[in-house]
S.K.: 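After the structure tokens below, expect a handful of questions from me.
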Amino acid sequence: MSQSSPAPGVPAEKPSFDFIRQIVADDLASGKHPCVITRFPPEPNGYLHIGHAKSIYLNFSLPLEFPGEAAGSGCHLRMDDTNPAKEEVEYVDSIKEDVRWLGFEYGSHFYNASDYFEFFHECAVHLIRAGKAYVDFQTSDEMRANRGTLTEPGRPSRWRDALPEENLVEFAKMRAGEYPDGHCVLRAKIDLGSANLNLRDPALYRIVHAEHHSTGRAWCIYPMYDYAHPLEDAKEGVTHSLCTLEFEAHRPLYDWVIENCPVPAKPRQIEFAKLQLTFTLLSKRNLRRLVEDGVVTGWDDPRMPTLAALRRRGLPPAAIREFCRQIGLTKFNARTEIGLLDKCVRDELNKSVPRYFGVLRPLKVTIANWPAGQVEMIEAANNPERPELGTRQVPMSGELWIEQDDFMEDPPKEFFRLGPGREVRLRYAYNITCTEVVKDADGCVRELVCTYDPESRHGGKKVKGIIHWVSAAHAQAVPVRLYDRLWTVEEPGGDVEKELNPRSLEVLSDSQVEPAVAAMEPGERCQFERLGYFIADAHDSRSGSPVFNRIVGLKDSWAKVAAKK
RNA sequence: UGCCCCGUGGUGUAAGGGUAGCACAAGUGAUUUUGGUUCAUUUAGUCUAGGUUCGAAUCCUGGCGGGGUAGCCA
């Protein structure tokens with residue numbers, strides 16, 4: 001290996017692969033495998049989240065990256081349904097939907113671990129005959145006590161040296177349902193003194209009298225993950241079985257099963273670091289709690305990190321794929337900044353969606369010198385950077401809504417927008433100058449009176465401030481939900497009460513939008529100019545009366561300036 | 001406490017004994033009828049102590065730090 005290093009100064013020709021792609025490329029080059037087959041093996045006991053997207057992206061993309069001789073490559077979607085107590089069909093359906101939504105195809109390669117129950121059983125019999133597995137009648141407490149500790153070896157069960165014939169009989173009884181849950185277990189006979197606790201005679205099968213979502217009552221013994229997973233992989237011809245770091249210590253057991261069972265292929269397990277994000281909690285247990293405690297409205301609440309929630313929030317799948325590409329792949333336990341996801345979402349939306357006017361928090365503007373009753377149609381580009389997206393007509397009149405944030409009664413000089421006596425441009429239309437501030441009895445600004453410059457339609461005074469607006473008479477009021485991060489700390493997981501963001505959701509009921517926005521169909525996305533990207537919520541919108549979710553805000557450099565003051 | 005894995009700018013990730021690079025973030029400037037986009041530019045890094053070598057982020061040893069691991073969960 002070292003003698004093949006390039007000569008000094010000669011740049012490497014190879015693209016920069018991560019360590020897994022390197023292994024795959026080497027296996028293909030050496031002829032170890034003619035193609036690469038991976039698998040994404042979720043347990044159908046919950047919803048998929050952005051962390052799973054990393055794994056889905058890896059497993060489904062990788063086989064596509066090795067063309068030519070690698071024909072036959074692909075990724076299988078497989079439900080790891082070996083525990084009937086926790087799994088439900090509802091989750092199977094949502095997992096399939098999420099994978100397809102992300103843009104990946106598994107074609108006919110959809111499998112269930114339960115498809116192989118008979119095979120697992122044959123392998124177990126094989127192990128028993130070979131004297132490599134035995135039925136243990138110790139209670140789970142006894143087993144734990146006799147497993148030893150990190151520094152002391154385990155002690156053998158009195159059933160450890162039972163004869164294969166006896167074990168065969170007992171295992172048959174297990175399968176026949178003659179014993180209740182927890183009465184005994186089939187164990188591999190490996191090494192009670194191993195420093196790796198996973199090798200101290202791990203359980204292979206346990207008794208569970210429960211309805212399985214796909215095999216019903218056909219079985220009452222179910223294989224453990226460590227036993228079933230390598231066999232599933234081998235059965236499907238998986239070449240590279242990619243999983244997360246916590247399975248590293250299980251690899252010797254994975255290899256033991258492959259070595260000791262009559263398998264048709266020899267897959268290799270490789271571990272990588274799972275995704276962790278700042279200001280985000282990803283563990284299924286914690287997400288479930290948020291749902292059950294009513295902190296969020298459900299698994300698809302747009303503040304959740306589940307794929308169902310991100311879909312509803314409006315994130316485009318292409319942005320998630322790009323994010324997964326950018327975060328890289330290592331064995332280092334890293335935490336990626338959530339801002340990178342936002343960046344990917346903005347990049348994707350910036351180039352793909354139209355840009356319209358919407359006023360989130362309206363402030364009335366009356367244009368004193370506007371001809372009474374006149375309505376002028378203003379042509380506006382749907383996306384100035386993509387002329388092929390066309391233009392639209394925006395109605396303009398003497399009564400407008402502008403953003404409350406675009407006016408300050410006593411503005412600093414860095415504030416480019418409207419203030420008493422100041423002039424700004426209404427985007428695509430005219431310059432206006434604020435001549436009067438109308439307040440209510442409490443001193444709150446209720447309305448601005450302005451004059452417009454009729455000569456400024458395509459020129460006029462050059463001003464620094466440009467603001468969005470809608471004509472009051474033509475605007476439609478719509479509900480808008482402004483989502484923010486659920487957590488206030490980079491590494492949530494401590495005191496929920498203290499760490500939860502009380503302002504993760506703000507609902508606006510009186511936002512005013514231009515006709516093009518009012519006409520958006522459920523699921524349609526756009527940019528509200530100067531504000532951010534929004535989607536007409538697919539669940540709550542109806543044709544003609546959309547309800548908007550903010551997907552992500554635009555970068556706001558004024559907010560940074562303002563924050564410094 | 002044993003064993004295993006991992007330590008590169010603020011964050012994420014390259015460099016497989018030979019110039020420490022890229023992206024994000026942050027700063028500055030230019031362009032701009034979105035304080036957006038785009039473009040230019042700046043700041044900033046090999047955990048530590050030894051060893052091998054002409055030469056170490058890379059190989060070896062120790063230390064320090066982080067993670068995993070004692071389910072009849074996956």
Side-chain angles (χ1 to χ4, degrees), chain A residues 1-2 4-12 14 16-18 22 41-43 45 80 82-83 85-87 136 138-140 143-144 147-152 154 181-187 194-198 200 202-208 222 224-226 228-229 243-252 271 273 278 284 326-337 339-340 342-344 346-347 350-351 355 357 380-381 384-385 414-417 425-429 431 458 462-468 527-532 553-562:
Chain A
M1 193 55 114
S2 56
S4 68
S5 59
V10 177
K14 271 187 180 176
S16 166
F17 286 154
D18 57 66
Q22 198 67 250
E43 182 188 15
N45 70 342
D80 217 355
T82 56
N83 187 352
K86 293 189 175 180
E87 297 146 8
D136 194 346
Q138 291 184 107
T139 64
S140 54
M143 262 184 69
R144 189 180 315 116
R147 184 154 33 229
T149 67
L150 294 176
T151 48
E152 304 161 21
D181 287 10
H183 187 71
C184 56
V185 72
L186 182 72
R187 282 230 258 177
S194 175
N196 184 336
L197 292 303
N198 294 119
R200 316 239 275 221
L204 265 25
Y205 267 97
R206 77 288 213 187
I207 299 170
V208 182
Y222 289 90
M224 301 290 293
Y225 169 89
D226 283 323
H229 210 88
C243 64
T244 47
L245 252 24
E246 66 267 29
F247 292 102
E248 211 158 16
H250 296 242
R251 189 175 355 119
E271 312 85 15
T278 57
K284 258 183 207 173
Q326 287 189 26
I327 54 177
L329 193 68
T330 64
K331 300 189 71 160
F332 177 66
N333 217 302
R335 187 175 292 271
T336 299
E337 290 176 345
L340 185 61
D342 294 339
K343 160 79 175 166
C344 291
R346 286 194 201 100
D347 281 352
N350 180 52
K351 64 186 183 192
R355 305 169 186 185
F357 290 159
E385 285 153 39
E414 304 88 4
F415 187 77
F416 304 148
R417 285 107 92 150
R425 173 171 289 281
L426 297 178
R427 172 145 234 239
Y428 291 127
N431 283 12
H458 296 290
K462 187 88 172 168
V463 293
K464 199 138 194 195
I466 297 155
I467 65 174
H468 59 279
Q527 179 192 119
F528 286 180
E529 290 215 17
R530 303 209 306 133
L531 298 173
L554 251 29
K555 275 212 295 196
D556 187 351
S557 52
W558 161 245
K560 283 182 191 172
V561 175

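Residue numbering restarts at 1 for every chain, and letters A, B, ... go by the order of the sequence lines.
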S.K.: Sort by first number and list every stem of RNA chain B: at least 3 consecutive Watson-Crick or G-U wobble pairs, both distances under 3.5 Å.
M.R.: B:2-7 with B:64-69, B:10-13 with B:21-24, B:26-30 with B:38-42, B:47-51 with B:59-63
S.K.: Using the P atom on both, measure U28(B) against G66(B) and round to a whole Å.
M.R.: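 Taking atom P in both U28(B) and G66(B), they lie 36 Å apart.
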S.K.: Taking any heavy-atom pair under 4.0 Å as a contact, classify Lys351(A): base, sugar-phosphate, or nothing.
M.R.: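 Contact class for Lys351(A): none.
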S.K.: Which atom names give the shortest non-hydrogen contact between Asp80(A) and Pro41(A), and what distance separates them?
M.R.: CB-O, 3.7 Å
S.K.: Suppose you measure atom C1' in A15(B) against the same atom in C59(B); what distance do you get, rounded to whole Å?
M.R.: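 It comes out at 16 Å once rounded to the nearest Å.
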S.K.: How far, in whole Å, is A26(B) from G12(B) if one measures between their C1' atoms?
M.R.: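 After rounding to an integer number of Å, I get 15 Å for this pair.
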S.K.: Is the shortest heavy-atom distance from the side chain of Arg427(A) to the side chain of Phe357(A) under 4.5 Å?
M.R.: yes
S.K.: Which is true for Thr278(A) with a 4.0 Å heavy-atom rule: it touches a base, it touches only sugar-phosphate, or it touches nothing?
M.R.: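 No contact.
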S.K.: Sequence neighbours excluded, which residues qualify as side-chain contact (heavy atoms from CB on, under 4.5 Å) partners of Ala334(A)?
M.R.: Phe332(A)
S.K.: Could you tell me how far G2(B) sits from G62(B) if I compare only their P atoms? Round to whole Å.
M.R.: 14 Å
S.K.: Quick check: does any side chain N or O of Ser194(A) sit under 3.5 Å from a backbone N or O of Asn196(A), one acting as donor and the other as acceptor?
M.R.: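 At least one qualifying donor-acceptor pair exists.
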S.K.: So, does Glu152(A) use its side chain to make a donor-acceptor pair with the main chain of Gly148(A) at under 3.5 Å?
M.R.: no
S.K.: Would you call Thr336(A) and Gln326(A) a side-chain contact if the rule is heavy atoms closer than 4.5 Å?
M.R.: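 Not touching, per the 4.5 Å side-chain cut-off.
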S.K.: Run the side-chain contact (heavy atoms from CB on, under 4.5 Å) test against Phe416(A) and tell me which residues pass, sequence neighbours left out.
M.R.: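 So Phe416(A) forms a side-chain contact (heavy atoms from CB on, under 4.5 Å) with Lys464(A).
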S.K.: Rounded to the nearest 0.5 Å, how far does OH of Tyr225(A) lie from CG of Asn83(A)?
M.R.: 14.0 Å
S.K.: Who pairs with Arg417(A) by salt bridge (charged side-chain N to carboxylate O under 4.0 Å, His left out), at least two apart in sequence or on another chain?
M.R.: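 So Arg417(A) forms a salt bridge (charged side-chain N to carboxylate O under 4.0 Å, His left out) with Asp406(A).
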S.K.: For G9(B), does the O4'-C1'-N9-C4 or O4'-C1'-N1-C2 angle fall within 90° of 0, making it syn, or is it anti?
M.R.: anti
S.K.: Would you please name every residue forming a salt bridge (charged side-chain N to carboxylate O under 4.0 Å, His left out) with Asp347(A), sequence neighbours left out?
M.R.: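 For Asp347(A), the residues satisfying salt bridge (charged side-chain N to carboxylate O under 4.0 Å, His left out) (neighbours in sequence not counted) are Lys343(A).
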S.K.: Could you check whether any side-chain heavy atom of His250(A) comes within less than 4.5 Å of a side-chain heavy atom of His229(A), counting everything from C-beta outward?
M.R.: no
S.K.: Using whole Å, report how far CZ of Phe416(A) lies from C1' of U32(B).
M.R.: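 After rounding, the gap between these two atoms is 13 Å.
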S.K.: What is the nucleic acid contact for Gln527(A), judged by heavy atoms within less than 4.0 Å: base, sugar-phosphate only, or nothing?
M.R.: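 Base, at least one base atom sits under 4.0 Å.
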S.K.: Would you list the protein and nucleotides 20-26 of chain B atom pairs, both N or O, that sit under 3.5 Å from each other?
M.R.:
{"from": "A26(B)", "atom 1": "OP1", "to": "Lys560(A)", "atom 2": "NZ", "distance (Å)": "2.8"}

S.K.: Whole Å only: how far is the CG atom of Leu554(A) from the P atom of U32(B)?
M.R.: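 Leu554(A) atom CG is separated from U32(B) atom P by 19 Å.
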S.K.: Reckon Ile467(A) touches a base, only the sugar-phosphate, or nothing at all at heavy-atom distances under 4.0 Å?
M.R.: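 Contact class for Ile467(A): none.
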S.K.: Is there a donor-acceptor pair closer than 3.5 Å between any side-chain N or O of Arg346(A) and the backbone N or O of Gly532(A)?
M.R.: no
S.K.: What distance, rounded to whole Å, do you find between the two C1' atoms, one in G29(B) and one in G51(B)?
M.R.: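 G29(B) and G51(B) have their C1' atoms separated by 49 Å.
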S.K.: Rounded to the nearest angstrom, tell me the gap between atom NZ in Lys331(A) and atom P in G7(B).
M.R.: 10 Å
S.K.: May I have the distance from Asp18(A) (atom CG) to G12(B) (atom P), rounded to whole angstrom?
M.R.: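 Whole-Å distance recorded here is 17 Å.
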S.K.: Between U48(B) and C6(B), how many Å separate the two C1' atoms, rounded to a whole number?
M.R.: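 The same atom, C1', in both gives a distance of 16 Å.
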S.K.: Just verifying a value: how many Å separate Lys284(A) NZ and Glu43(A) CD, rounded to the nearest 0.5 Å?
M.R.: 6.0 Å
S.K.: Can you measure Asn350(A) atom CG to U37(B) atom P for me and round it to whole angstrom units?
M.R.: 7 Å
S.K.: Which whole number of Å gives the distance between the C1' atom of U31(B) and that of G35(B)?
M.R.: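 Approximately 14 Å lies between the C1' atom of U31(B) and that of G35(B).
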S.K.: Take Arg417(A) and Ile327(A), find for each the nucleotide of RNA chain B with the closest heavy atom, and name the residue whose nucleotide sits nearer the 5' end.
M.R.: Ile327(A)
S.K.: Using the test side-chain contact (heavy atoms from CB on, under 4.5 Å), find all partners of Ala273(A) that sit at least two apart in sequence or belong to another chain.
M.R.: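 If we apply the side-chain contact (heavy atoms from CB on, under 4.5 Å) test to Ala273(A), skipping adjacent residues, the hits are Leu245(A).
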S.K.: Can you name the salt bridge (charged side-chain N to carboxylate O under 4.0 Å, His left out) partners of Lys331(A), sequence neighbours left out?
M.R.: Glu248(A), Glu271(A)
S.K.: Please state the P separation for the pair A49(B) and A56(B) - nearest whole angstrom.
M.R.: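 It comes out at 15 Å once rounded to the nearest Å.
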S.K.: Arg251(A) CZ to C5(B) C1': how many Å, rounded?
M.R.: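 To the nearest whole Å, that distance equals 9 Å.
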S.K.: In whole angstroms, how far is the C1' atom of G36(B) from the CD1 atom of Ile466(A)?
M.R.: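 Computing the Ile466(A):CD1 to G36(B):C1' distance gives 11 Å.
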S.K.: Within the structure shown, what part of the strands sits under 4.0 Å from Phe528(A) by heavy-atom distance: base, sugar-phosphate, or nothing?
M.R.: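 No contact at all - Phe528(A) keeps every heavy atom at 4.0 Å or more from the nucleic acid.
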S.K.: Determine, for nucleotides 65-74 of chain B in 5'-to-3' order, which nucleotides have protein heavy atoms under 4.0 Å from the base (write B), from only the sugar-phosphate (write S), or from neither (write -).
M.R.: --SS-BSBSB
S.K.: Dump every N/O contact between nucleotides 41-48 of chain B and the protein below 3.5 Å, one line per pair.
M.R.:
none

S.K.: Does any non-hydrogen side-chain atom of Leu426(A) lie less than 4.5 Å from one of Asn431(A)?
M.R.: no
S.K.: CZ of Arg427(A) versus P of U32(B): gap in Å, rounded?
M.R.: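 Computing the Arg427(A):CZ to U32(B):P distance gives 14 Å.
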S.K.: Is any side-chain heavy atom of Pro202(A) closer than 4.5 Å to one of Met224(A)?
M.R.: no
S.K.: Dump every N/O contact between nucleotides 61-63 of chain B and the protein below 3.5 Å, one line per pair.
M.R.:
none

S.K.: Can you list everything that forms a side-chain contact (heavy atoms from CB on, under 4.5 Å) with Leu554(A)? Sequence neighbours excluded, please.
M.R.: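 So Leu554(A) forms a side-chain contact (heavy atoms from CB on, under 4.5 Å) with Gln527(A), Tyr533(A).
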S.K.: Kindly indicate whether the side chain of Glu529(A) and the base of G36(B) share any N or O donor-acceptor pair separated by less than 3.5 Å?
M.R.: no
